[in-house]
Amino acid sequence: MDSGGSEVILSIKDVCKSFPGVKALDKVSIDVKRAMVHGIVGENGAGKSTLMKILSGVYEKDSGTVVFDGQQIEHTTPQQSMQRGLAIIYQELNLVNTMSVGENVLLGRFREMKGMRGTHAKARELLDRIGSKIGTTRLVSELSVSEKQMVEIAKALSFESKLIIMDEPSSSLTAEEMCELVKIIQQLKDQGISIIYISHKLDEIFEFCDNVSVMRDGRVIDTKPKSEFTRNELIMQMVGREIENEYPERPQRVGEVLMEVRSINTRKLHDVSFSLHKGEILGFVGLVGAGRTEIVRALFGADRVRGHQVLIEGKPTPILNPRDAIGAGFGFIPEDRKLQGLVLPFSVESNISMASFRKFTRLGFLRKSIEKEIGTRQVKALSVKTPSTKVPVVNLSGGNQQKCIVGRWLEISPSILIMDEPTKGIDVGAKYEIYMLMKDIAERGGAIILISSELPEVLNMSNRVLTVFEGRITGEFDPKVTSADKIMSAALGFDGECS
Amino acid sequence: MTVQGTNSAIRVGASILRDYLVLVMIAALVALTALIEPKFLSPENLTNIMFQFGPLMMVALGTTFVIIGGFIDLSIAGTINLVAVVTISLIQPMGQVPALLTGLATGTVCGALNSVLILSSGALTQAEALFMTFGLSTVYSAIALLYSHGSTMHFWDITASKSIFQAIGSGSLGFLSWSFVIFLISLAALWVFQEMTAEGRAVRLTGGNKTAARLAGVRISRSIVVIYAIGGFMAALGAIVLFSRVTTASPVIGVGYETNAILAVVVGGTTLKGGKGSVLRTVMGVLLVVLMSNCLNLLGVSTYLQVVAEGAILTFAIWLDNRKHM
Amino acid sequence: MNGTGKGATLYKILTKQKALIAILVMLIGMLFSHSNFYSAFNLLQMLSSTSILLILAFGVTLTIIAGGCDLSIGGIMVVAGIVSIKLMNAGMPMGLAIFLAILFGTVVGFVNGFLAVHQKTEPFIITLGIGLLLTGVAQQLTNAHPVPAQNPSFMMIGNGYFHGVPNLVIIMLVLFALTYWLMRYTEFGRNLYAIGGDYEVARYSGIDVIRTKWLAFVISGTMAALAGVLLSSELNTGSAVYGETTALVVNCGVVVGGTSFAGGIGGIPQSALGLLVFGLLGNSMNMLNISSYFQIMLQGAVIVAIIWLDSYAQKRKREAV
Amino acid sequence: AKVKAAFICQNMANESQAFSEKQFMKYGADFGLDMYTFDAKGDSQVESQLVMNCIAQQFKVIFLNPNDINAIVPSLMQAKRAGLIVGMFSSDLSPANQKYRDFYAGSNDVFAGKQAAEAFMKHFPNGAKIVEIGGQAGHDAQIKRHDGFHSVIDSSNIKVIDYKACQQWSTEQAMAIMEDDIVKYGHEIQGVFVHWDNGATGVIQAAKAADLKGLYIIGIDGNRAGYNQVLSGEQAVSISQDFVAMAKKDMELAQKVVKGQQVDPINYIPLNVIDKSTIKNFPVPQW
Ligand SMILES: Nc1ncnc2c1ncn2[C@@H]1O[C@H](COP(=O)(O)OP(=O)(O)OP(=O)(O)O)[C@@H](O)[C@H]1O
Ligand SMILES: Nc1ncnc2c1ncn2[C@@H]1O[C@H](COP(=O)(O)OP(=O)(O)OP(=O)(O)O)[C@@H](O)[C@H]1O
Ligand SMILES: [Mg+2]
Ligand SMILES: [Mg+2]
């Protein structure tokens, strides 16, 4: 078989797909060549995930044709498309938490693997291939997010696929793990496998994609070799307008100490103390699993942690549960928006008003008109893409869902907003809006704690950065003057360059 | 334009039909029975129905909240047993008002105890609550048996005044029975709670996604206590209406009420997944369950076939209701 | 408590297995009871009388692991028992009658599966409804009169012994082995775990989720019918009133054993332990002559306690509340 | 030494059963018995397990009131094989199976049904339309009372216009059935046969609510409910079972068998027909 660079493995022509009230895909046509990495970018809700789900057989397309490996594909199921050699790593993690790593890698193929022993042996082999040392008998629920991602990749590899779709695989990977992923992608390419790579991280797109398609509003705007795009052009095509900078200026006026946190100790955290100033954005940098989330959860009263002290403007403020925290002026955007952030079947407006509905009650009675007002206001302010505020939030794209959570907190204008991976899976345009909001909050005298696995984001937005390694704070830096390398090595506990 | 008009009318009609399917089934049942047995629509029978649906209605209204809050309560049967024997036995020594209040308090405490055990263990899934309350139902029933030594108490054992209970059981206010008036008041109160209060919203959010609700500052433990306390209180009210109606209370008087209540709630269209539903829907669900047995009695269907028919119609209603969510 | 090696494993097993602890406590407690608890006769009898519940539990476990549950087993059980006896009394050969009765359970299981899996109706409520319907069918079939079996060899299935061991125990053990093997060593079993663990993921991974989960209901129905035939044989009678509380008790026992009602976690041995708690508890309490109402109370309390402890242990593990 | 004996109660949550249990405990010593009680909780399978349990505990005598007279037979076979003395209480095995028990003391539910029928025939010599409301469907007493009743009433000029059994022995269900029957038949109904006196309470309430006077209501049990209702004239007849006498008789028989004496296998304790005219002859029942 010849893996000449011009042969088309997948040809999508005029594919349309509508959901009630939304035209998610409008005559989409894309050709993917053999042994190439095809990047797809586009803002939230552009239809990227929908297109991929049509390819894998989760959704049925309304019209259009799909030709894969010379075969026209009409109705397909996830099972059939996998057997044809089309594997997909979904945007949301797709593992069975209650089962072992090995069984997850080869889910549904127990017989083919000749039992449990065969399953684990094969899984080991696949994991070794991507350089992962995760034990195959471990329960998936015990893994960190990035480890889960590795398991997903191993799972996709297990099908001897000709095409692997990766829908934002890197949204929860650290830099080091990202290096690993790049290597894997290179390997796959060498083996003649094509990859569709969806990401909001433009660095990645420019690093290793061969061709790039840009989607907007359910349409393909342009498909070209990467080399023919400039970064700004790409951004402009994605959002339909010019964006000068990816990051706004960081907030200028850092004031006196707003909050002091003294010695948080848990099984995982060791004597975590830090302070937060008015008007400041404080970034936390660390590997996945370093304990950043645990720190802020403890602070917010989400986990039962005792013995630490929180002083707000010098006053000791006991925080035993999230309510206390909100009362003390906190807001919290959790890292997992579906499980921790949203009530998926509820409307956009009731999700937005979740933290503030008690404020618009009178004698314990709700006032619904105000709820609608709040919903409408935030939807407009954050330009959430939704047909109406009454639509169940589950129908929105990932990025727009995230905006709803941001809107929820903006409504009560917290003095300290904790943002755990606030831009995970959010497009450039929306990201910029969120950065502006952060800046706005800070400049009005509030403070922000920012956790992000995207290093540039933390470094460009924060006034001050704390590095976290294995539950300890290992350093404090001013990102304006310190090099990224230096900060990373404090966060890694060693020098973590890609080799 | 006219075509479009009729089209949209049809669409609206279809969506109402889908939304209020139980209502359609009730209407069909009523029409069919009235056709075969005209006495069905006689004032006597309507009065009967008004009295018959009292106890289950109270219980099911309470259960609705537990289900909207994402939980389930099987302890209802035990609670009814306990409240019935305790209340009736206290009328003589304490007088009727204190007995009534003690009875209601007993139910509320049972409900609250459910929630305390659930919260203290962190059994925050519906399934854990299901079996926890199943165990508790047994415990409450056992207490009722121990308390009453297994014997039945009768109204004529009571020489003290029991006028309140007699009124609840068989008295009328104009053409409405007192139990119906109590039902209307409870319904109104619970509907207001569900639709218009902050706590009602908190309950709904808790049912929708506990984790997210908590992180947004909703006091989910309070919501859980509230729903179970309401469940217990309404079960107590149901127990009182029930024993007042039959003028006797045995320690097994509540058998079957828990599953009937859950069935009625779900038939009404409140989903077990939590977060969605309404007490108004429950009224329709209970109406269907009670009407069914009334209709089948009037049609002279044997008890055994009645059970078959009930099971079949309930299953069918649940299935149909489910289809509209698909 | 960070022991090492075997100690740690034992600790882990014990904290995971509340049902096992309860059983051990009862067994040790009964050592001091001056009763005939520890006679071979009593132990075998206890096991034999729990066997039918165990068989029901094995089937139900499949549905629960797949993320469903089956509350129609009580109804299936009584109808199957009645059907087998009625057919035999009408002159049908025993084997054929039993086969048809079990086939009936298979059919009901198929319908359950259709409603709960294919149509995605809430299994808890829909099987409750089917169970109610079947209770009515049983009453209608018998006119609410228990039907005694006239074939003496039928009675021997449930009351006979094989080398001193009650037949019921042997049948139960065979089914235990069979279902254990099914869940542990076949693709069907592993797929059930995957489906219960995460339905959508299993679907995306190419498992035929509907057919697999459906089959779990079919097996549960079949096992319930088999249990019904055995019960009728043990009592030599078919009656509509036998299965009243069975469904909840069995589902509860499965959960007490440590199979998660959320699906994906647990197994046949756990279910066996859970039901044994009930069997053992009833037997011990009778041996100790505990009065009836206190027995009922204790039974409830044990259920509450085990589920409380289990949830409490999980609460500490659970990441977010 | 006292003889170890057990009473296996049908269902202790049922008041007549709970009362019977107390009689065994109270008078056991008088008959040289060391009495224990077990509760079958209304479950036939539990009841047969309890028989096994008594064998394991080496009881000498068991008395039992079966939930289901056929279902209990296999376990009684074992009991006989193990040499236990088996006494039936209140409910006897069918003739074919009587070899698996030693004796029986109790009232005859078939007979109770017959007596109810006779009372109706006496009151309505010219025929009447009546309603029958049965106890828990499938329960032994419900079946026998129904069968006994019909063996007599079917050949009379009294017409049973409606018959329904309940799902439990539930006053509420009896009441609901009566209410619906009143709607359907109204003043056509002249009499009601309810299988148990607590059920009659529900029937009386239904009749009161519908202002239906002069119903001739017959119940079985003769408990406080029945006694009071007859006394107040709301119920015409209560056919009373004497559980004290039954329990004593059973224990007396057991004592004799232990001593090796011959006893009558079947010992009917007479049923008392309590009506307005005879009520003064009976003490107020204790249950
Ligand atoms: N199941 C659904 N029901 C209704 N609408 C849907 C559904 N899934 C997606 N949509 C809508 O289709 C559009 C495309 O969504 P999609 O998830 O494909 O976007 P995306 O490009 O992957 O965005 P993101 O970068 O945020 O992941 C959005 O407007 C979304 O609201
Ligand atoms: N989704 C998860 N399920 C189970 N365990 C997890 C999960 N996420 C993190 N952990 C575990 O919790 C511990 C602390 O992780 P934590 O989330 O606090 O780290 P973090 O620095 O915030 O990383 P992240 O980038 O994932 O937010 C780690 O040991 C990790 O393995
Ligand atoms: Mg997407
Ligand atoms: Mg984190």
Side-chain angles (χ1 to χ4, degrees), chain B residues 72 74 78 117-118 120-128 130-146 149-150 210-211 214-215 220 251 259 262-263 266-267 271-273 302-319 321-323 325-326, chain C residues 64 69 71 75 115 119-122 124-126 128-144 240 244 248-249 251-252 255-256 260-263 291-316 318 320-321:
Chain B
I72 203 158
L74 285 185
L117 282 167
I118 285 169
S120 63
S121 70
L124 290 182
T125 65
Q126 194 176 41
E128 287 165 323
L130 178 77
F131 294 107
M132 187 88 99
T133 52
F134 174 65
L136 283 165
S137 186
T138 317
V139 172
Y140 299 154
S141 294
I143 296 174
L145 283 167
L146 282 168
H149 303 291
K210 287 182 271 293
T211 312
R214 197 174 89 98
L215 289 178
I220 61 164
T259 42
I262 294 172
L263 275 174
V266 175
V267 165
T271 111
L272 281 175
K273 291 192 180 71
S302 84
T303 332
Y304 322 133
L305 271 185
Q306 278 192 26
V307 182
V308 178
E310 258 175 65
I313 293 178
L314 292 183
T315 309
F316 181 68
I318 294 163
W319 172 73
D321 183 64
N322 183 69
R323 279 196 69 81
H325 296 302
M326 279 174 74
Chain C
I64 293 186
C69 69
L71 292 179
L115 292 169
Q119 296 289 308
K120 298 195 171 55
T121 321
E122 195 74 47
F124 170 77
I125 202 80
I126 205 78
L128 194 69
I130 295 278
L132 181 68
L133 192 155
L134 289 176
T135 310
V137 170
Q139 289 178 353
Q140 183 65 24
L141 278 177
T142 57
N143 217 354
E244 272 176 358
L248 267 175
V249 168
N251 279 271
C252 186
V255 172
V256 161
S260 160
F261 214 63
S291 80
S292 168
Y293 304 153
F294 276 111
Q295 284 200 12
I296 297 174
M297 176 114 84
L298 265 174
Q299 254 158 5
V302 166
I303 295 174
V304 173
I306 291 182
I307 292 182
W308 193 93
L309 286 170
D310 245 6
S311 317
Y312 191 72
Q314 270 169 35
K315 176 184 176 181
R316 299 169 151 269
R318 216 171 299 167
V321 179

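Worth knowing before you read on, the calculation uses all heavy atoms, side chains too, and leaves out hydrogens, waters and symmetry mates. A note on names: the letters A, B, ... follow the listed sequences, proteins ahead of strands, and every chain is numbered from 1.
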Original post:
Which atoms of C:Ile130 come close to chain B, meaning under 4.5 Å heavy atom to heavy atom: side chain ones, backbone ones, both, or neither?
Top reply: both
**OP:** Tell me, for C:Ile303 versus chain B, whether the close heavy atoms (under 4.5 Å) come from the side chain, the backbone, both or neither.
**Re:**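 Side chain of C:Ile303 only, per the 4.5 Å heavy-atom cut-off to chain B.
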Sort out for me which of [options] touches chain B most, counting heavy-atom pairs under 4.5 Å.
| options | answer |
| --- | --- |
| C:Val137, C:Val255, C:Val249 | C:Val255 |
| C:Leu71, C:Asn143, C:Leu141 | C:Asn143 |
| C:Ser292, C:Gly129, C:Cys69 | C:Gly129 |
| C:Met297, C:Gln295, C:Gln299 | C:Met297 |
| C:Leu309, C:Ile307, C:Thr121, C:Thr142 | C:Thr121 |

**OP:** Please name the pair of heavy atoms, one in B:Ser137 and one in B:Gly78, separated by the smallest distance, quoted to 0.1 Å.
**Re:** OG-N, 3.2 Å
Original post:
So, for C:Leu115 and C:Gln119, which heavy atoms are closest and what is the spacing to 0.1 Å?
Top reply: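 Taking C:Leu115 first and C:Gln119 second, the nearest heavy atoms are O-CB, 3.3 Å.
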When the side chains of residues 306-317 of chain B are checked against the rest of the protein, which donor-acceptor pairs come out under 3.5 Å, sequence neighbours left out?
unit_1   : atom_1 : unit_2   : atom_2 : d
B:Gln306 : NE2    : B:Asn297 : OD1    : 2.6
B:Gln306 : NE2    : B:Val301 : O      : 3.2
B:Thr315 : OG1    : B:Gly311 : O      : 2.5

Subject >> Side-chain (B:Thr133) to main-chain (B:Leu74) donor-acceptor, under 3.5 angstrom >> reply: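 Yes; judged by distance alone, with no hydrogens or angles, the pair exists.
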**OP:** Quick one: do B:Arg214 and B:Thr211 satisfy side chain to side chain contact (heavy atoms under 4.5 Å, CB included)? Show the steps, please.
**Re:** CA-CA 5 Å; B:Arg214 197 174 89 98; B:Thr211 312; 6.0 Å; no
Subject >> Those residues that, when tested against B:Phe134, pass ring-ring contact (aromatic ring centres under 6.0 Å, His included) (two or more places apart) >> reply: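 B:Phe134 satisfies ring-ring contact (aromatic ring centres under 6.0 Å, His included) with no residue once adjacent residues are dropped.
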Original post:
Going through the distances and angles, do C:Phe261 and B:Glu128 end up as a side chain to side chain contact (heavy atoms under 4.5 Å, CB included)?
Top reply: CA-CA 8 Å; C:Phe261 214 63; B:Glu128 287 165 323; over 6 Å; no
Original post:
Which one of B:Leu117, B:Ile72, B:Ile118, B:Leu136 has the most heavy-atom pairs closer than 4.5 Å to chain C?
Top reply: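 Heavy-atom pairs under 4.5 Å are most numerous for B:Leu117.
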Original post:
Under a 4.5 Å heavy-atom cut-off, does chain C meet the side chain of B:Val266, its backbone, both or neither?
Top reply: side chain
